[in-house]
Amino acid sequence: MACCVLQVTGLLLGGVGMVGTLAATVMPQWRVSAYIEGNIVVFETIWEGLWMDCISQLGLRLQCKFYDSVLALPPPLEAFRALMCIAVVLSVLSFLMAIAGVKYTQGTREDPQGVSIFILAAGVAFLLTGTLVLIPVSWTGGSIIRDFYDPEVPVPLKRELGAALYVGWASTALLMAAGAMYCHF
């Protein structure tokens, strides 16, 4: 019974982590404009994401523009896009493997070896997905913090951590927890 509870809990954690991975990938709030040096009158907020930039004017009007050319993007952004797309696909596959493992476990109790293969594959895939999400999210967070405290970066170009990074870190934690649960079997 405890085995089934852990499998279903891992399935729920992996499912929420999968949704979080997708959300972090499509959200434009990776980098958010910073308001420092006594500037309290703010008319627009700038969001920078993997796929687009957005400007919110007075909180009423939102304009978003997709990046024009893939070739004009900086290499780290191209790599982060690729890693996050791979992570989304792998998280869906991990979730499907976990569903198959849980269903197979509940269907046949006499073959424990077949059960462990599905569950172990889902666990390893969840751990790999969590690692793939963690790399671009943490790298972006580190570069934002480095640039924020760099005196050479002009004040209008300084950015703060956006909501997508927090979603990415949370989904990484959930995916790693689900992977650890499934690798424990």
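Worth knowing before you read on, the calculation uses all heavy atoms, side chains too, and leaves out hydrogens, waters and symmetry mates.
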**Item:** Qualifying residues under disulfide bond (SG atoms under 2.5 Å apart), relative to C85, sequence neighbours excluded
**Value:** none
**Message:** Quick check against the 3.5 Å criterion: does S138 have a side-chain atom that pairs as donor or acceptor with the backbone of I135?
**Reply:** no
**Nearest atoms (heavy-atom pairs only) where V32 meets G162** = CG2-CA, 3.5 Å
**Request:** Would you mind telling me which of L12, L11, V5 makes a side chain to side chain contact (heavy atoms under 4.5 Å, CB included) with T9?
**Result:**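 Running side chain to side chain contact (heavy atoms under 4.5 Å, CB included) over L12, L11, V5 with T9 returns exactly one hit, V5.
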**Message:** Is any side-chain heavy atom of R159 closer than 4.5 Å to one of I46?
**Reply:** yes
**Asked** Between C64 and M52, what is the shortest heavy-atom contact and its length?
**Response** CB-SD, 3.7 Å
**Complete:** Of all heavy-atom pairs linking G10 and A178, the shortest is O-CB, 3.4 Å
**Flag side-chain contact, heavy atom, 4.5 Å: I55 against T45** =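 No, their side chains stay 4.5 Å or more apart.
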**Prompt:** Does K65 use its side chain to pair, donor to acceptor, with the backbone of D53 at less than 3.5 Å?
**Reply:**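 Checking the backbone N and O of D53 against the side chain of K65, no donor-acceptor pair under 3.5 Å is found.
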**Request:** Flag the pair W51 / R81 as yes when at least one side-chain heavy-atom distance between them is below 4.5 Å, and no otherwise.
**Result:**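 With C-beta onward as the side chain, the pair touches.
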**Request:** List the atom of C54, the atom of L62, and the distance in Å for their closest heavy-atom pair.
**Result:**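 Closest approach of C54 to L62: CB-CD1, 4.0 Å.
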**Request:** Check whether any side-chain heavy atom of L134 lies under 4.5 Å from a side-chain heavy atom of W169, and answer yes or no.
**Result:** yes
**Message:** Do L127 and L90 land in one hydrophobic cluster if side-chain heavy atoms of ILVMFWY residues count as linked below 4.5 Å?
**Reply:**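 No; tracing contacts between hydrophobic side chains, which count when under 4.5 Å, never links both residues.
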**Prompt:** Taking Y182 for the side chain and V124 for the main chain, is one N or O donor matched with an acceptor at less than 3.5 Å?
**Reply:**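 Not at all, since once roles are kept as given, no pair shorter than 3.5 Å links the two residues.
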**Message:** Looking at every non-hydrogen atom in both residues, tell me the closest pair between A87 and L132 and how far apart they are.
**Reply:** CB-CB, 3.9 Å
**Request:** Taking W30 for its side chain and A24 for its backbone only, find out whether a donor-acceptor pair lies under 3.5 Å.
**Result:** yes
**Complete:** residues 140-152 vs side chain to side chain donor-acceptor pair (under 3.5 Å), sequence neighbours excluded, gives R31-S143
**Prompt:** Are any of the side-chain heavy atoms of M18 and V88 separated by less than 4.5 Å?
**Reply:**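 When only atoms from C-beta onward are counted, V88 and M18 do not touch, as no gap falls below 4.5 Å.
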**Prompt:** Does a side-chain heavy-atom distance below 4.5 Å link T131 with M176?
**Reply:**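 Contact flag for T131/M176 side chains = yes.
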